[in-house]
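Computed over heavy atoms, backbone and side chain alike; hydrogens, waters and symmetry mates excluded. In this chain, residues are counted from 1 in sequence order.
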Amino acid sequence: MEPAHQDKMAGLTKEDQNINNTTEDISNQASGHKANISNPTTTNAPPPLAIGSQRNKQNLTTAQKLQHSLPAMSAPTPSRPEGGRRTSTMHKRASILPKHPALFTDPTCLIAQHAGFTGTQPITVGPNVVLHPHAKVSSTLAPVVLGEGVVLWERAKVGVGMGESMNDSRRNSEASRANSVRDSSRGEGTVLGRNVTVEATAVVEAAEVGEGTVIEVGAYLGKGCVIGKHCTIVAHCVIPANTQIPDYMVVQSATEYRVNKTLLLKPEVLEMRTNFHTMQIQTFKSLPHFKVK
């Protein structure tokens with residue numbers, strides 16, 4: 001120990017002489033600075049960097065090196081058009097189904113999606129006629145006329161030749177039992193009168209169906225049949241070709257029918273039935289899957 005240093009240490013206690021020998025001082029000496037004896041709480045070391053600043057500086061230097069070494073990137077992809085919807089220059093494909101060449105429709109008729117017309121001969125659709133989805137009208141073999149207020153329910157079929165897919169044994173068995181079968185002069189075409197209703201899956205090849213008649217589910221009217229006014233053809237009934245049915249009849253088969261005395265003798269009941277049919281058509285006009293032609 002040097003004499004000058006010994007003189008300074010002579011007046012100090014043993015604890016003051018070993019002030020630089022603490023664990024903290026040894027660590028500071030290893031870092032290149034030592035404690036100030038006169039003020040042990042201060043050091044000669046420069047103030048430390050903020051936490052993480054040295055690491056951020058190193059990362060920034062590395063990112064700058066990578067930026068210079070990478071090739072120039074392309075322009076950013078443009079965002080979607082405003083409104084959140086993509087634009088397209090493609091036009092919606094037009095329907096490939098051929099249009100009927102001789103279809104005449106009233107502006108007030110209602111034709112649902114998937115209802116269809118086939119054939120080449122004339123089809124006339126009157127005012128307030130309603131065709132439900134998958135209803136079919138065919139004029140392949142003869143013209144068809146749908147009078148005012150006619151309603152065809154789902155999968156109903158109207159027109160000569162529409163019953164070809166029916167079970168032949170079913171039609172032939174009914175025809176063999178019919179005693180009222182006779183020739184009819186109205187064998188060409190099909191005419192449905194005012195407010196006729198053809199319910200689901202029923203098939204009508206008849207020559208004429210009178211006003212207000214209801215043809216219930218799955219019934220079949222053969223070619224050349226003439227059905228009177230305000231009749232009811234019960235469900236799944238088969239009427240053979242060329243059969244004639246008088247007015248106001250409830251028909252179970254070609255040989256089994258009775259007079260509907262309620263409609264015949266009470267005009268107010270008939271009026272209520274007609275009004276209900278009209279209100280039903282007005283309700284159909286408010287449904288979204290119908291379109292006015």
Side-chain angles (χ1 to χ4, degrees), residues 100-106 109-112 115-132 134-166 168 170-171 174-175 178 180-234 236-247 249 251 254 277 293:
H100 194 282
L103 177 62
F104 306 97
T105 59
D106 189 90
C109 70
L110 301 175
I111 301 177
F117 302 91
T118 60
T120 57
Q121 300 195 46
I123 296 178
T124 303
V125 181
N128 297 319
V129 170
V130 178
L131 270 69
H132 285 267
H134 303 287
K136 304 295 181 183
V137 179
S138 174
S139 64
T140 302
L141 301 179
V144 177
V145 177
L146 304 180
E148 179 182 357
V150 168
V151 176
L152 305 185
W153 286 88
E154 290 189 10
R155 301 188 185 280
K157 298 179 180 180
V158 176
V160 177
M162 295 297 285
E164 297 299 330
S165 60
M166 284 189 59
D168 289 337
R170 180 187 174 196
R171 289 188 295 174
E174 294 289 341
S180 60
V181 175
R182 64 191 68 179
D183 292 335
S184 174
S185 60
R186 300 178 181 179
E188 293 295 329
T190 298
V191 178
L192 303 188
R194 183 173 179 266
N195 293 339
V196 169
T197 299
V198 183
E199 295 187 354
T201 69
V203 179
V204 178
E205 296 185 86
E208 182 178 349
V209 178
E211 176 184 352
T213 292
V214 177
I215 304 167
E216 294 185 350
V217 175
Y220 169 75
L221 303 184
K223 300 175 184 177
C225 289
V226 179
I227 310 299
K229 298 179 181 181
H230 305 295
C231 292
T232 300
I233 313 299
V234 301
H236 303 288
C237 174
V238 176
I239 306 299
N242 302 319
T243 301
Q244 293 188 357
I245 303 295
D247 298 341
M249 292 294 170
V251 183
H277 185 87
K293 286 295 182 181

> How far does OG1 of Thr120 sit from CG of Leu103, to the nearest 0.5 angstrom?
Replying inline: 12.5 Å
>> Using the rule given for side chain to side chain contact (heavy atoms under 4.5 Å, CB included), can you reason through Glu148 versus Asp106, listing the C-alpha separation, both sets of side-chain angles and the distance that settles it, and then say yes or no?
In response: CA-CA 9 Å; Glu148 179 182 357; Asp106 189 90; over 6 Å; no
> Just wondering, do Glu199 and Val214 contact through their side chains at under 4.5 Å, heavy atoms?
Replying inline: yes
> Closest approach of Cys231 and Ile245, non-hydrogen atoms and distance?
Replying inline: SG-CG2, 4.2 Å
>> So, taking the atom named CD in Glu208 and the one named OG1 in Thr190, what distance separates them when rounded to the nearest 0.5 Å?
In response: 10.5 Å
>> Restricting to non-hydrogen atoms, name the atom on His132 and the atom on Ala115 that form the minimum distance, rounded to 0.1 Å.
In response: O-CB, 3.6 Å
>> Quick one, Leu146 and Leu131 - any side-chain contact, counting heavy atoms below 4.5 Å?
In response: yes
> Can you name the closest pair of heavy atoms from Cys109 and Gly126 and give their distance?
Replying inline: CB-O, 3.8 Å
> So do the side chains of Thr201 and Val217 get within less than 4.5 Å of each other, counting heavy atoms only?
Replying inline: yes
> Donor-acceptor pair, Glu205 side chain versus Gly222 backbone, under 3.5 Å?
Replying inline: no
> Can you name the closest pair of heavy atoms from Gly193 and Val150 and give their distance?
Replying inline: O-CG2, 3.2 Å
>> Checking Glu216 now: which residues fulfil salt bridge (Lys or Arg N to Asp or Glu O under 4.0 Å) with it, not counting sequence neighbours?
In response: none
> Which distance, rounded to the nearest 0.5 Å, do you find between the NZ of Lys157 and the NZ of Lys136?
Replying inline: 9.0 Å
>> Against Val204, only a single residue in Ile215, Val196, Leu152 fulfils side-chain contact (heavy atoms from CB on, under 4.5 Å); can you say which?
In response: Ile215
> Rounded to the nearest 0.5 Å, how far apart are CD1 of Ile227 and CD1 of Ile233?
Replying inline: 5.0 Å
>> On a heavy-atom basis, which atom in Ser138 and which in Met162 lie closest, and how many Å separate them?
In response: CB-SD, 3.2 Å
> Could you state the interatomic distance from CG (Asn195) to NZ (Lys229), rounded to the nearest 0.5 Å?
Replying inline: 12.0 Å
>> If you compare all heavy atoms of Ala135 against all heavy atoms of Trp153, which two are closest, and at what distance to 0.1 Å?
In response: CB-O, 3.7 Å
>> Would you compute the distance between atom SG of Cys225 and atom CG of Asn242 and round it to the nearest 0.5 angstrom?
In response: 6.5 Å
>> Quick check against the 3.5 Å criterion: does Thr213 have a side-chain atom that pairs as donor or acceptor with the backbone of Gly228?
In response: yes
>> In the structure I gave you, are the side-chain heavy atoms of Gln121 and Val144 within less than 4.5 Å of one another anywhere?
In response: no
